[in-house]
Amino acid sequence: MEEVFGVFGDPVEHSLSPVMHNAAISALGMKARYHAFRVSREGLGDALLGACAMGFGGVNLTIPLKERALELGFLEPDALSRGIGAVNTVDFKDGIRGFNTDGVGALRALEDACGSIRGKRVVLLGAGGAARAIAFQFASVGARVLIVNRTEERGRRLAESVSSVGGDVEAFGFASLGELLDSAHVLVNATSVGMYPLVNRTIVTGDMLHPGLVVFDIVYNPLKTRLLLEAEAAGARIVTGEMMLVYQGAEAFRIWTGVMPPVDVMKRAVLDALGV
Ligand code: NAP
């Protein structure tokens with residue numbers, strides 16, 4: 001029988017996960033299929049119990065379900081997803097277990113481009129869902145994480161929760177950005193600034209960047225955001241957002257199946273879907 005995987009969310013019809021995972025499934029010759037399911041916040045508990053009862057291979061969760069999953073008494077989150085406060089991957093092999101692979105996805109995408117970030121000064125723009133996953137993951141591998149968020153209080157709260165599990169992290173306001181960037185090794189944009197349709201926006205401009213800095217924008221629509229165009233012109237090394245998406249999916253696939261899927265095939269499927 002064909003094994004079923006999927007993504008639950010609402011809205012979910014624009015998710016790139018089905019094309020990406022189905023490309024991997026085909027390349028591996030597996031008898032399986034990955035579908036998108038529209039599931040509301042209220043329906044998440046029933047949907048997960050149903051998926052478990054029907055023998056699904058595993059599911060991803062997207063907006064607005066990642067945080068909601070932690071409110072379900074029967075779901076067992078691992079330590080990382082509990083710290084982040086969000087679950088994006090559910091596995092049914094041994095109970096109903098929750099994971100968060102967004103941070104691993106970002107880490108692999110960045111380290112592919114610049115090697116280990118242990119001991120590196122990383123300026124992280126944002127304190128929303130994606131930034132939380134990145135802050136926990138990067139701190140866990142020994143990076144010094146400098147959070148800069150528009151709403152300073154939200155940035156401070158994130159820094160406190162990452163510090164409470166031993167991370168080397170501090171929060172700042174936008175006024176400190178120039179000074180922080182002068183001595184930074186990496187800048188990560190984990191805000192939605194620069195995303196379609198407001199593609200001309202950027203928080204950091206080229207004059208604040210220096211050659212030798214690695215600039216990673218997790219926004220993947222467009223692939224080359226205004227920030228990355230300015231970074232290129234300033235002589236900085238750039239990392240585009242699609243590989244974070246691919247690697248978070250690949251890690252979920254590995255959790256479900258024990259097999260690391262072909263990331264080059266998944267990347268091609270994502271780029272085709274984005275029309276790049
Ligand atoms: P989110 O939870 O809504 O957080 C949004 C963040 O952006 C907050 O820190 C917010 O600051 C900041 N922000 C929004 N508008 C701003 C503005 N005009 N000026 C300054 N800061 C602003 O969103 P998310 O889920 O973290 O996603 C953020 C972005 O990452 C989205 O573009 C998403 O598509 C992308 N993403 C990519 C991947 C990938 O795999 N590549 C994965 C996840 C997300 P405040 O706290 O002040 O509101």
Side-chain angles (χ1 to χ4, degrees), residues 7 9-12 14-17 19-21 60-68 81 84-89 100-110 112-113 123-138 145-159 161-162 171-177 187-205 208 215-228 238-253 263 266-267 269-271 273-274 276:
V7 55
D10 187 13
V12 76
H14 299 301
S15 170
L16 294 173
S17 293
V19 290
M20 179 169 80
H21 283 281
N60 288 125
L61 303 181
T62 186
I63 292 171
L65 307 177
K66 291 183 183 188
E67 291 83 13
R68 167 77 184 132
S81 62
I84 293 167
V87 165
N88 80 333
T89 298
N100 191 311
T101 66
D102 283 334
V104 180
L107 182 67
R108 290 199 184 136
L110 180 59
D112 265 2
V123 173
L124 174 61
L125 286 175
R132 285 190 67 83
I134 291 171
F136 273 89
Q137 190 77 45
F138 284 20
V145 182
L146 310 164
I147 297 167
V148 181
N149 194 47
R150 176 178 61 180
T151 310
E152 287 189 40
E153 177 51 29
R154 195 178 184 194
R156 261 198 302 277
R157 279 201 307 273
L158 173 56
S161 43
V162 181
F172 300 84
F174 276 3
S176 310
L177 249 179
L187 166 66
V188 181
N189 177 44
T191 74
S192 44
V193 176
M195 190 171 76
Y196 180 84
L198 302 175
V199 297
N200 281 323
R201 299 237 175 118
T202 181
I203 295 170
V204 171
T205 46
M208 300 163 80
V215 180
F216 175 24
D217 200 332
I218 74 162
V219 170
Y220 54 79
N221 185 18
L223 224 45
K224 274 210 187 162
T225 57
R226 161 105 186 267
L227 169 64
L228 293 185
I238 67 162
V239 182
T240 50
E242 82 286 0
M243 282 314 283
M244 171 176 171
L245 180 73
V246 168
Y247 278 127
Q248 64 75 28
E251 179 60 11
F253 195 99
V263 287
M266 296 169 81
K267 176 181 177 179
V270 166
L271 294 181
L274 290 171
V276 182

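All ligand and atom numbering here is 1-based and tracks the order in the structure. Predicted, not measured: the structure shown is a model, and the values here were computed from it.
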### Query
Where do Arg226 and Thr205 come nearest, in terms of heavy atoms and distance?
NH2-CG2, 4.4 Å
### Query
Name the one of Thr101, Leu65, Val7 that satisfies side-chain contact (heavy atoms from CB on, under 4.5 Å) with Asn88?
Thr101
#### Entry: Tyr196 atom OH: more than 12 heavy-atom contacts under 6.0 Å
no
### Task
Work out which heavy atom in Val239 is nearest to a heavy atom in Ala109; give both atom names and the distance.
CG1-O, 3.9 Å
### Side-chain touch Leu177/Ile203, heavy atoms, less than 4.5 angstrom
yes
### For atom 9 (O) of ligand 1, closest protein heavy-atom neighbour
Asn149 OD1, 2.8 Å
### Query
Any N or O on Thr151 sitting closer than 3.5 Å to an N or O of ligand 1?
yes
### Query
In terms of residue, atom name and distance, what is the protein heavy atom nearest to atom 14 (C) of ligand 1?
Ser192 OG, 3.5 Å
### Task
Begin from the C-alpha positions of Ser17 and Asn60 and carry the test side-chain hydrogen bond (donor to acceptor under 3.5 Å, both in side chains) through to its verdict.
CA-CA 9 Å; Ser17 293; Asn60 288 125; 4.6 Å; no
#### Entry: Closest heavy-atom pair and its distance - Leu274, Tyr220
CD1-O, 3.8 Å
### Within-cutoff protein neighbour (heavy atom, under 4.0 Å) for atom 3 (O) of ligand 1
no
### Message
With a cutoff of 4.0 Å, is Ile203 in contact with ligand 1, counting heavy atoms of the residue only?
### Response
yes
### Task
Might you check, step by step, whether the distance between atom 23 (O) of ligand 1 and some protein heavy atom is under 4.0 Å?
no
#### Entry: Per-atom contacts of ligand 1 with Val219, taking only distances under 4.0 Å to non-hydrogen atoms
32 (O)
### Query
Is there a nitrogen or oxygen of Tyr220 sitting under 3.5 Å from a nitrogen or oxygen of ligand 1?
no
### Task
State the atoms of ligand 1, each with its element, that fall below the 4.0 Å cut-off from a heavy-atom position in Gly129.
2 (O), 26 (O)
### Task
Please state which part of Ala127 comes within less than 4.0 Å of ligand 1, counting heavy atoms only: side chain, backbone, both or neither.
backbone
## Note on the structure
for atom 18 (N) of ligand 1, nearest protein heavy atom and its distance come out as Arg150 NH1, 3.4 Å
#### Entry: Check against side chain to side chain contact (heavy atoms under 4.5 Å, CB included), Asn100 and Gln137
CA-CA 10 Å; Asn100 191 311; Gln137 190 77 45; over 6 Å; no
### Summary
min-distance protein heavy atom vs atom 6 (C) of ligand 1 -> Thr191 CA, 3.9 Å
### Query
Should you measure from each heavy atom of Gly126, which atoms of ligand 1 turn up under 4.0 Å away?
9 (O)
#### Entry: Interfacing atoms of ligand 1 (cut-off 4.0 Å, heavy-atom, Ala190)
28 (C)
### Task
Search all heavy atoms of Ala135 against all heavy atoms of Val145 and return the closest pair with its distance.
O-CG2, 4.3 Å
### Message
Give me the residue, atom name and distance of the protein heavy atom closest to atom 37 (C) of ligand 1.
### Response
Ile218 O, 3.3 Å
### Nearest-contact summary for atom 8 (C) of ligand 1 - protein heavy atom, Å
Arg154 NH1, 3.7 Å
### Query
Looking only at heavy atoms, what is the nearest atom pair of Val19 and Ala269, with distance?
O-CB, 3.7 Å
### Task
Considering only non-hydrogen protein atoms, determine which one is nearest to atom 43 (C) of ligand 1 and report residue, atom name and distance to 0.1 Å.
Ala130 CB, 3.8 Å
#### Entry: Under 3.5 Å: N/O of Met195 near N/O of ligand 1
no
### Message
Which residue and atom name correspond to the protein heavy atom nearest atom 42 (C) of ligand 1, and how close is it?
### Response
Met244 CE, 3.6 Å
#### Entry: Residue pair Gly194 / Thr225: nearest heavy atoms and the distance that separates them
O-CG2, 4.3 Å
### Task
For Gly241, counting its heavy atoms only, list the atoms of ligand 1 lying under 4.0 Å from any of them.
41 (N)
### Message
Within the structure provided, determine whether Gln248 and Val104 are in side-chain contact (heavy-atom separation under 4.5 Å).
### Response
no
